[in-house]
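Below, chains carry the letters A, B, ... as their sequence lines are ordered, and counting in each starts from 1. What you see is a predicted model, and the numbers here were worked out from it, not measured in a lab. Because only heavy atoms are used, hydrogens play no part in the values below, and waters and symmetry mates are left out as well, while side chains stay in.
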Amino acid sequence: MPRQAQSRCKMVSERLICMTAPAPTLPKKPVVTRFAPSPTGYLHIGGGRTALFNWLYARGHGGTFLLRIEDTDRARSTPDATAAILRGLTWLGLDWDGDVVSQFQQKDRHADVARDMLARGSAYKCFCTQEEIESFRAAAEAEKRSTLFISPWRDADPATHPDTPFVIRMKAPRTGQTVIADAVQGTVTFQNDLLDDMVCLRSDGTPTYMLAVVVDDHDMGVTHVIRGDDHLNNAARQTMVYNAMGWDVPVWAHIPLIHGPDGKKLSKRHGALGVEDYQSMGYPAAGMRNYLSRLGWSHGDDEFFTSAQAMGWFELEDIGRAPARLDFKKLEHICGLHIAAGENAALLHEVQAYLVVSGQTALTDAQSDGLLRAMYCLKDRAKTFPELIDKAHFVLTSRPVQLDEAATKSLDMVSRSMLRELTPHLQTALWTREALEAIFTAFAAAHGVGFGILAAPLRAALAGRIVTPSVYDMMLVIGQTETISRIEDAAA
RNA sequence: GGUCCGUUCGUCUAUCGGUUAGGACACCAGGUUUUCAACCUGGGAAGAGGGGUUCAACUCCCCUACGGACUGCCA
């Protein structure tokens, strides 16, 4: 994928760097990004966007997009949740490279690194019990002191170590500051004396997230960590692990979270949270990708685009710093454009998948065939798949066509007799739009009525409803025989 | 409480010191029409507040307010 657009600013600054320091023109490391959800439920819509950004960036830069499941918390991780996440990503069309990595399976490696840090003197054994720490924190809070816990074992003589369970804590620097050069947030500075010695290895020998992410990201060769800005504070402590091990720190990009329509953090009461919920609501995946990518990222005034275009445009510096709200109206609008632009067979395929996941009965072969033939007059008007199916009712249904209340009402004595007079004209008609238009125009004129008067009972007869696509489109799609039969049914 | 991040129309956003602050969704009005949509035209609608810096600030700096994240042997 050629780089179509690049921040002008960045190009200028790179040029400047080259002029002042010609040396660092080392070959750029290929981009490696990853999405690392924890398997505690479904794929959250915010997680879906994080995955999307990682995917766009990797794919747009000829890089690699990896997937890792952060399942070190055994109590909260379930195989079902992992499966749900994979399903969500697959539906969104975000394909990852290589095998899915299980963080838990790397636990021995994590423990090795923890011991390595111990040997290097950048970590130490802490024998404090959780109860001790909890009571310390409770007391500190009550007295309004800092709850920052400094282990008494930090500089203890190993000879004094008791024979009790211990955790391995990072021996974090107590002075100076840690600077995060974030591609989205800019330069963020943390005072080291405000950061505690995080636990790297639990007393049961399992690694904590803080250690595991760093080790895995390093081992997997991740060059760009694009994740929610709820991790921004963590980045400082994680940097210390990189430094302790002498590893290259990745490029950080902490993106703002997505909020609900009311501006509050997205939660259950907002309804649809999982990516799969959006699939069951019948939004096309291409539209979801388009809409989600515009939440917090922009490329000038471009609103409607394909993922291929987004890949060519996507740069970290174009990501905003403020949280964005979910707007279903705009989502629908974008999705409508994607349905309209969709290829008929692909749309049919997606509609079928939608019916299955939303627990509805799939279309029969005959219905699929009908939908395919009707697609041309349907797809411009539907924003979602349920809407598309609703508008396709005339071709999905079969005789005898069920009439709804309004349709029954419009088929009164007068209009039924009009329909009876109409059928002979249709029997001999050439079945083209032009010929049909000529017939109906003449027929309406002969009866001294406008075409609208004629169209209403026709909609009722053909679709059983009075809100339908164009009557000409319906007749052309269902064909001459079926049209005449339906009109005769209604006129009887 | 502490640390960190954020704040342009109702919403998503453009703007990288000089613009009548632009676009899109939504909304309102009109047009088109074969119902509903779609479509076309037009309209209202924004720099949180206060201080600086500057010839000039939405843009840079500080303070306040509001919102958020983190502050775990969760991830």
Side-chain angles (χ1 to χ4, degrees), chain A residues 7-9 36-40 70-73 75-77 103 126 128-130 133-134 137 140-141 144-149 165-169 180 182 184-186 188-191 194-196 198-204 206-210 212-213 228-237 254 256-257 259 261 263-265 291 294-304 317 320-334 336 340 380-383 387 391 406 410 440 444 450-456 458-460 463 465-473:
Chain A
S7 161
R8 202 166 293 125
C9 211
S38 44
T40 53
E70 309 235 317
D71 50 0
T72 51
D73 185 345
R76 298 202 301 168
S77 299
Q103 186 160 65
C126 171
C128 294
T129 65
Q130 291 187 63
I133 298 171
E134 272 164 33
R137 289 209 173 97
E141 200 157 333
K144 294 199 164 140
R145 291 195 330 261
S146 163
T147 55
L148 195 80
F149 179 72
F166 60 89
V167 300
I168 294 182
R169 300 188 99 103
I180 303 299
D182 194 285
V184 174
Q185 307 288 341
V188 184
T189 306
F190 294 89
Q191 297 302 321
L194 265 12
L195 267 19
D196 64 2
M198 63 177 175
V199 172
C200 291
L201 207 64
R202 300 188 186 100
S203 50
D204 64 0
T206 60
T208 61
Y209 162 76
M210 286 294 181
V213 240
D229 70 6
D230 48 335
H231 288 285
L232 182 56
N233 292 278
N234 295 336
R237 300 203 290 180
H254 290 94
L257 271 18
H259 286 178
K264 300 287 183 193
K265 186 185 174 183
Y291 176 73
R294 283 288 287 111
L295 246 33
W297 171 80
S298 64
H299 181 258
D301 283 337
D302 292 309
E303 300 274 1
F304 171 57
E317 25 284 299
R321 284 158 298 278
R325 305 181 189 197
L326 232 33
D327 180 353
F328 281 83
K329 288 289 187 192
K330 190 146 188 177
L331 203 213
E332 282 180 9
H333 177 257
I334 294 290
D380 285 338
R381 323 167 144 228
K383 294 183 167 76
E387 235 181 272
K391 290 176 192 300
S410 92
F440 281 93
F451 177 64
I453 300 294
L454 191 54
L458 267 174
R459 290 176 205 291
R465 304 172 170 191
I466 57 165
V467 176
T468 73
S470 151
V471 293
Y472 297 119
D473 284 327

| In Å and rounded to the nearest 0.5 Å, what is the CG to CG distance from A:Leu195 to A:Asn234? | 9.5 Å
| message | Are the side chains of A:Tyr291 and A:Leu326 in contact, using a 4.5 Å heavy-atom criterion? | response | yes
| Starting at the 5' end of RNA chain B and moving along, which residue's nearest nucleotide shows up first, A:Leu257 or A:Ile133? | A:Leu257
| remark: Mate of B:rA45 across any strand shown (Watson-Crick or G-U wobble, both atom pairs under 3.5 Å) is none
| Which part of the nucleic acid does A:Cys200 contact within heavy-atom distance under 4.0 Å: base, sugar-phosphate only, or nothing? | nothing
| said: Taking any heavy-atom pair under 4.0 Å as a contact, classify A:Asn234: base, sugar-phosphate, or nothing. | reply: base
| field | B:rG44 versus B:rG10 - spacing of their P atoms, nearest Å | value | 15 Å
| field | Rounded distance in Å between the P positions of B:rC36 and B:rG49 | value | 44 Å
| message | Nearest 0.5 Å, please: how far is CD in A:Gln185 from CZ in A:Arg321? | response | 7.0 Å
| request: Could you measure between the two P atoms, the one in B:rG67 and the one in B:rU11, and give it in whole Å? | output: 16 Å
| field | Validation row: A:Arg459, A:Val471 side chains within 4.5 angstrom (heavy atoms) | value | yes
| message | At 4.0 Å (heavy atoms only), tell me whether A:Leu295 reaches a base, stays on the sugar-phosphate, or touches nothing. | response | sugar-phosphate
| request: Assign A:Met198 to base, sugar-phosphate, or nothing according to its heavy-atom contacts below 4.0 angstrom with the strands shown. | output: nothing
| What nucleic acid atoms does A:Gln185 come within less than 4.0 Å of, heavy atoms only: base, sugar-phosphate, or nothing? | sugar-phosphate
| message | Under 4.0 Å, counting only non-hydrogen atoms across every strand here, what does A:Ala456 touch: a base, just sugar-phosphate, or nothing? | response | nothing
| note | B:rG67 -> Watson-Crick or G-U wobble partner, both distances under 3.5 Å, gives B:rC5
| message | Counting only Watson-Crick pairs (N1-N3 plus N6-O4 or O6-N4) and G-U wobbles (N1-O2, O6-N3), all under 3.5 Å, who is the partner of B:rU53? | response | none
| message | I'd like the P distance from B:rG18 over to B:rA56, given in whole Å. | response | 14 Å
| request: Would you indicate what A:Gly336 reaches in the nucleic acid, counting non-hydrogen atoms under 4.0 angstrom: base, sugar-phosphate, or nothing? | output: nothing
| With a 4.5 Å heavy-atom cut-off, do A:Trp297 and A:Leu295 have their side chains touching? | no
| query | Touch check for A:Val167, heavy atoms < 4.0 angstrom, all strands: base, sugar-phosphate only, or nothing? | reply | base
| message | Is it the case that B:rC5 (base atoms only) and A:Arg321 (side chain only) share a donor and an acceptor within less than 3.5 Å, ignoring hydrogens and angles? | response | no
| Separation between the C1' atoms of B:rC61 and B:rC27, rounded to whole Å | 39 Å
| Any idea how A:Phe440 and A:Phe451 line up, ring-wise: parallel (<30°), tilted (30 to 60°), or perpendicular (>60°)? | perpendicular
| Do A:Phe149 and A:Cys128 come within less than 4.5 Å of each other through their side chains, counting heavy atoms only? | yes
| Hey, is the side chain of A:Arg169 pairing donor to acceptor with the base of B:rC73 inside 3.5 Å? | no
| query | If we take the P atom in both B:rC28 and B:rA37, what is their distance in whole Å? | reply | 12 Å
| request: Have a look at A:Thr189 and say if it touches a base, only the backbone sugar-phosphate, or nothing, with a 4.0 Å heavy-atom cut-off. | output: sugar-phosphate
| Does A:Asp196 have any salt bridge (charged side-chain N to carboxylate O under 4.0 Å, His left out) partners at least two apart in sequence or in another chain, and if so, which? | A:Arg237
| Does the base of B:rU71 carry an N or O that pairs as donor and acceptor with the side chain of A:Thr147 under 3.5 Å? | no
| Which part of the nucleic acid does A:Thr468 contact within heavy-atom distance under 4.0 Å: base, sugar-phosphate only, or nothing? | base
| query | How far does the P atom of B:rA65 sit from the matching atom of B:rA21, given to the nearest Å? | reply | 31 Å
| In the 5'-to-3' direction, what one-character label does each nucleotide of nucleotides 17-29 of chain B receive under the scheme B = base within less than 4.0 Å of a protein heavy atom, S = sugar-phosphate only, - = no such atom? | -----BBBSS---
| Looking for any heavy atom pair under 4.0 Å, which part of the strands does A:His254 touch: base, sugar-phosphate only, or nothing? | nothing
| remark: As its Watson-Crick or G-U partner within any shown strand, both distances under 3.5 Å, B:rA24 has B:rU11
| query | What do you reckon, is CD of A:Glu141 surrounded by more than 12 foreign heavy atoms closer than 6.0 Å? | reply | no
| task | Look at the side chain of A:Ser203 against the base of B:rC73 and say whether a donor-acceptor pair falls under 3.5 Å; ignore hydrogens and angles. | result | yes
| task | Hey, which sits more toward the 5' end of RNA chain B by its nearest nucleotide, A:Gln103 or A:Tyr291? | result | A:Tyr291
| Closest to the A:Arg459 side chain, choosing from B:rU34, B:rU11, B:rC5 | B:rU34
| remark: By the Watson-Crick or G-U definition, both distances under 3.5 Å, B:rA37 is matched with none
| said: In whole Å, measure the gap between the P atoms of B:rU13 and B:rU8 for me. | reply: 9 Å
| said: Within the 4.0 Å heavy-atom criterion, would you say A:Val471 contacts the bases, only the backbone, or no part of the nucleic acid? | reply: base
| query | With a 6.0 Å cut-off on ring centres, are A:His333 and A:Phe328 close enough? | reply | no
| task | Assign A:Thr40 to base, sugar-phosphate, or nothing according to its heavy-atom contacts below 4.0 angstrom with the strands shown. | result | nothing
| query | Closer than 4.0 Å, any side-chain N/O of A:Thr72 to the OP1 or OP2 of B:rA75? | reply | yes
| request: Would you classify A:Arg137 as touching base, sugar-phosphate or nothing, given that sugar-phosphate means primed atoms plus P, OP1 and OP2, and contacts are heavy atoms under 4.0 Å? | output: sugar-phosphate
